[in-house]
Amino acid sequence: MGRVNYTVLTEFILTGIPYPPRLRMFLLAFFLLIYILTQLGNLLILITVWIDPQLHARPMYIFLGVLSVIDMGISSIIVPRLMINFTPGVQPIPFGGCVAQLYFYHFLGSTQCFLYTLMAYDRYLAICRPLRYPTLMTAKLCTLLVGGAWVAGSIHGAIQATLTFRLPYCGPNQVDYFFCDIPAVLRLACADTTVNELVTFVDIGVVVASCFSLILLSYFRIIQAILRIRTADGRRRAFSTCGAHVTVVTVYYVPCAFIYLRPETNSPLDGAAALFPTAITPFLNPLIYTLRNQEVKLALKRMMGAPRAKRES
């Protein structure tokens, strides 16, 4: 049999998200504003945690600072490229750029998944083991846990990028999505993608399911401990330390499960769901943690030179 000739693709065209042409400038301005506020909000949280002596030595806020770095990275990988969709003309993304975008998105996304689990574990120790918390969650352990999350995330991203781009891509080159993600890119492969789809489902499923199960287990134990607190004010304070984390976990996990953990479809809802972990959640995280965390609000006031606020007793 003769060898099949094909032309290897050197670039992809991202179709973006569908929109009415009359809203082009509005959407460009909207996502530009979202991107700027995301970077400024997360940078503000990061600086606050770094310079405030009451925050930067506590594991809960070290995790929050790392989360801000991840949110800034995910937003920078996705949103600027999304905004190009609202400018005139076709702006293709190089093959290597597509590989890098897919890798860093899954690298940072899985690291964020692991980090949410660590934050739940930290809250479990603080509420269920308050007397032993300083000895259990030491600075050294916190550093090791964060480092492990980064390493595991990089391995996960490398596996997904390698499996996706080991396949031949010979045309067409139009990715029906607003960024290079696994399901959309695999549709363009000139080979059988069954194994890739199965491995992707299992790999991402294991990461998401295991992290989410550990988070649920942590909060099950936390709720048990909170219900044993006798005073209503004590229960309210304990719940308030977990409210922000529960909110961001919900906003993150639900869209991710919708995108990756279901049979392959090419639904318009995929793009809308993907906007949450890529653009909306990084924007909301600083707002959620600022509005629902009294210590962060007090630290912001101290940093901005406001009169020293008294910590609630």
Side-chain angles (χ1 to χ4, degrees), residues 45 49 54-68 70-71 109-153 156 204-258 260-261 276-277 281 284-285 288-297 311-313:
I45 293 291
V49 171
Q54 298 185 35
L55 298 185
H56 70 239
R58 297 176 58 183
M60 174 181 176
Y61 296 104
I62 294 175
F63 293 142
L64 181 56
V66 175
L67 179 62
S68 293
I70 293 174
D71 282 336
S110 56
T111 303
Q112 187 172 37
C113 186
F114 298 136
L115 186 66
Y116 283 146
T117 308
L118 296 179
M119 295 172 79
Y121 177 64
D122 175 72
R123 291 300 83 206
Y124 159 74
L125 291 180
I127 294 174
C128 299
R129 302 286 188 271
L131 298 180
R132 298 185 60 197
Y133 177 75
T135 57
L136 291 174
M137 184 58 75
T138 62
K140 181 179 180 180
L141 177 60
C142 182
T143 302
L144 289 174
L145 290 174
V146 170
W150 283 108
V151 171
H156 174 82
I204 295 179
V206 167
V207 171
V208 172
S210 59
C211 289
F212 192 64
S213 297
L214 290 172
I215 291 172
L216 288 180
L217 178 61
S218 296
Y219 275 103
F220 176 75
R221 300 297 299 273
I222 287 171
I223 291 172
Q224 285 183 320
I226 290 176
L227 293 178
R228 289 196 291 266
I229 299 176
R230 296 183 178 182
T231 65
D233 185 62
R235 289 193 295 270
R236 181 187 62 80
R237 288 175 179 273
F239 272 120
S240 67
T241 65
C242 303
H245 183 251
V246 171
T247 303
V248 298
V249 164
T250 302
V251 174
Y252 177 80
Y253 273 98
V254 172
C256 287
F258 178 81
Y260 299 107
L261 303 183
F276 277 88
T281 301
L284 290 178
N285 279 350
I288 292 171
Y289 276 102
T290 301
L291 295 177
R292 302 201 58 163
N293 191 300
Q294 187 66 21
E295 290 181 315
V296 173
K297 288 191 285 187
R311 187 181 297 272
E312 292 184 1
S313 59

### Task
Check the pair V49, R58 against side chain to side chain contact (heavy atoms under 4.5 Å, CB included), reporting the backbone distance first and the verdict last.
CA-CA 9 Å; V49 171; R58 297 176 58 183; over 6 Å; no
### Under the ring-ring contact (aromatic ring centres under 6.0 Å, His included) test, residues paired with Y252 that sit two or more places apart
Y116
For residues 208-218, dump all side-chain donor-acceptor pairs below 3.5 Å to protein atoms at least two apart in sequence or in another chain.
from	atom 1	to	atom 2	distance (Å)
S210	OG	V206	O	2.5
S210	OG	V207	O	3.2
S213	OG	A209	O	2.7
S218	OG	L214	O	3.0

### Message
As an exercise, state the distance from OH of Y219 to CD of Q224, rounded to the nearest 0.5 Å.
### Response
15.0 Å
### Message
As an exercise, state the distance from CD1 of I222 to OH of Y124, rounded to the nearest 0.5 Å.
### Response
9.0 Å
### Message
Measuring from atom CD1 of I45 to atom CG of L64, what distance do you get when rounded to the nearest 0.5 angstrom?
### Response
5.5 Å
### From CG (L115) to CG (L67), nearest 0.5 Å
5.5 Å
### Message
Restricting to side chain to side chain contact (heavy atoms under 4.5 Å, CB included), what partner residues turn up for T250, sequence neighbours left out?
### Response
V246, V254
### Message
Please report the interatomic distance CZ(F63) to CD1(I70), rounded to the nearest 0.5 Å.
### Response
11.0 Å
### Query
Under the side chain to side chain contact (heavy atoms under 4.5 Å, CB included) test, which residues partner A152, sequence neighbours left out?
F114
#### Entry: Residues forming a side chain to side chain contact (heavy atoms under 4.5 Å, CB included) with Y133, sequence neighbours excluded
P59, D122, R123, L125, A126, M137
Tabulate below the donor-acceptor pairs under 3.5 Å that side-chain atoms of residues 139-151 make, not counting sequence neighbours, or state none.
from	atom 1	to	atom 2	distance (Å)
T143	OG1	A139	O	2.9

### Task
Measure the NE2-OG1 distance between H156 and T111 for me, rounded to the nearest 0.5 Å.
9.0 Å
#### Entry: Smallest separation among heavy atoms of T138 and P134, with atom names
CG2-O, 3.7 Å
